[in-house]
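Chain A is the first sequence line, chain B the second, and so forth, proteins listed ahead of strands; every chain is numbered from 1.
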2 protein chains.
Amino acid sequence: MRTLEHPDLSSIQLDAVLAALADPVRRAIVLQLAHGHSDQACIAFDLPVSKSTATHHFRVLREAGIIEQRYSGTAIHNALRRADLDSRFPGLLDAVIAAGLNAV
Amino acid sequence: MRTLEHPDLSSIQLDAVLAALADPVRRAIVLQLAHGHSDQACIAFDLPVSKSTATHHFRVLREAGIIEQRYSGTAIHNALRRADLDSRFPGLLDAVIAAGLNAV
DNA sequence: ATCGTTGTACGATGGTCAACGTACCACCGC
DNA sequence: GCGGTGGTACGTTGACCATCGTACAACGAT
């Protein structure tokens, strides 16, 4: 089974998290995840970029510790690491999601 | 009297705010401002960059709507736009400051 | 075994941006 | 006036990154 590398809780860096969230495409992914999209494959997200670019963004989010990705067949199950982020940077994710919902 | 342009409350963009906060030098500025540095001139901040680079970072923060800059003689009075940010993106600034304090 | 689905690797390209030095401007005090 | 201090403008450089197409790998279903 293929596995994907994730930073563990203690090595999630604020720098990486903020840099990841600074991109609108990645925020769109986070918003859709927060909105109940969590079982979908990457390809099911509504993103204005090509497949290879989407892969890149999912990877950045995963390596920043914002999402968890697990293979489920050929597809990938994506989930927000809400509890981890809330424990490490309390309020940050909620603030971004709330702000994003207003904006969109 | 020289004046500096600031976005008004309604035109503060999440995109710009997150992009501004993604840089460690700019987060250092925000942290020092949140820590009571608010009356100092730009040059009084403890930053690991040259004067011209510091100017650049202060400008990015101002244009993102994160700080307010007002001339006071030749020097500039810097202040966090805490109330504006809290009203537009509740919790965001606090989360970044709290996370930054842990990290530093 | 073969095909379609899903995602990745790779290389290229164009744009953005942080950093710097230098020259300069604006104001204050003397 | 004239120097000094605080900030800015400008041009440059190097790095990083978002984007893409194409080719490919892994898996499921038939």
* Structure fact -> Rounded to whole Å, the CG-P distance (A:N78 to C:dG7) equals 8 Å
* So, A:D84 versus A:S87: side-chain donor-acceptor pair below 3.5 Å or not? -> no
* **Between C:dG7 (C1') and A:H77 (NE2): distance, integer Å** => 16 Å
* Should A:S50 be listed as having a side-chain N or O under 4.0 Å from OP1 or OP2 of D:dC20? -> yes
* Roughly how far apart are B:N78 CG and B:F58 CZ, rounded to 0.5 Å? -> 5.0 Å
* Of all the nucleotides listed (C:dG7, C:dT22, D:dG7), which has the minimum atom distance to the side chain of B:S52? -> C:dT22
* State whether B:T74 places a side-chain N or O below 4.0 Å from either non-bridging phosphate oxygen (OP1 or OP2) of C:dC28. => no
* Among D:dG7, C:dC20, D:dT19, which is the nearest nucleotide to the side chain of B:I76? -> D:dG7
* Using whole Å, report how far CZ of A:F58 lies from P of C:dA9. => 15 Å
* **Distance (rounded to the nearest 0.5 Å) between B:T55 OG1 and B:I76 CD1** => 8.0 Å
* To do: To the nearest Å, give me how far apart CG (B:L21) and C1' (C:dA18) are.
  => 16 Å
* Determine yes or no for a side-chain-to-main-chain donor-acceptor pair under 3.5 angstrom, with A:R26 supplying the side chain and A:V60 the backbone. => no
* For the atom pair CG (B:L18) and CD (B:Q13), what is the distance rounded to the nearest 0.5 Å? -> 11.5 Å
* Interatomic distance where OH belongs to A:Y71 and C1' belongs to C:dT8 [whole Å] -> 7 Å
* Asked: How far does the helix from C:dA1-D:dT30 to C:dC30-D:dG1 bend, going by the axes of its first and last five pairs, to the nearest 10°?
  -> 30°
* Check every atom of D:dG7, C:dG7, C:dC27 against the side chain of B:R2 and return the nucleotide holding the closest atom. => C:dC27
* Structure fact -> The answer to which of A:K51 and A:A19 contacts DNA chain D further toward the 5' end, by nearest nucleotide, is A:A19
* **Distance below 4.0 Å between B:T53 side-chain N/O and C:dC20 OP1 or OP2** => yes
* Asked: What is the nucleic acid contact for B:H57, judged by heavy atoms within less than 4.0 Å: base, sugar-phosphate only, or nothing?
  -> sugar-phosphate
* Nearest-Å distance, CD1 (B:I43) to P (D:dT8)? -> 11 Å
* From A:R81 CZ over to A:I67 CD1, what is the distance, rounded to the nearest 0.5 angstrom? -> 10.0 Å
* Mind calculating the distance between CD1 (B:I29) and P (C:dA18) to the nearest angstrom? => 11 Å
* To do: Mind checking side-chain hydrogen bond (donor to acceptor under 3.5 Å, both in side chains) for B:S50 and listing every partner two or more places apart, or none if nothing turns up?
  => B:S52, B:T53
* Compare side-chain N and O positions of B:R59 against OP1 and OP2 of D:dG7 and report whether any pair is under 4.0 Å apart. => no
* To do: Rounded to the nearest angstrom, tell me the gap between atom NE2 in A:H56 and atom P in D:dA18.
  => 4 Å
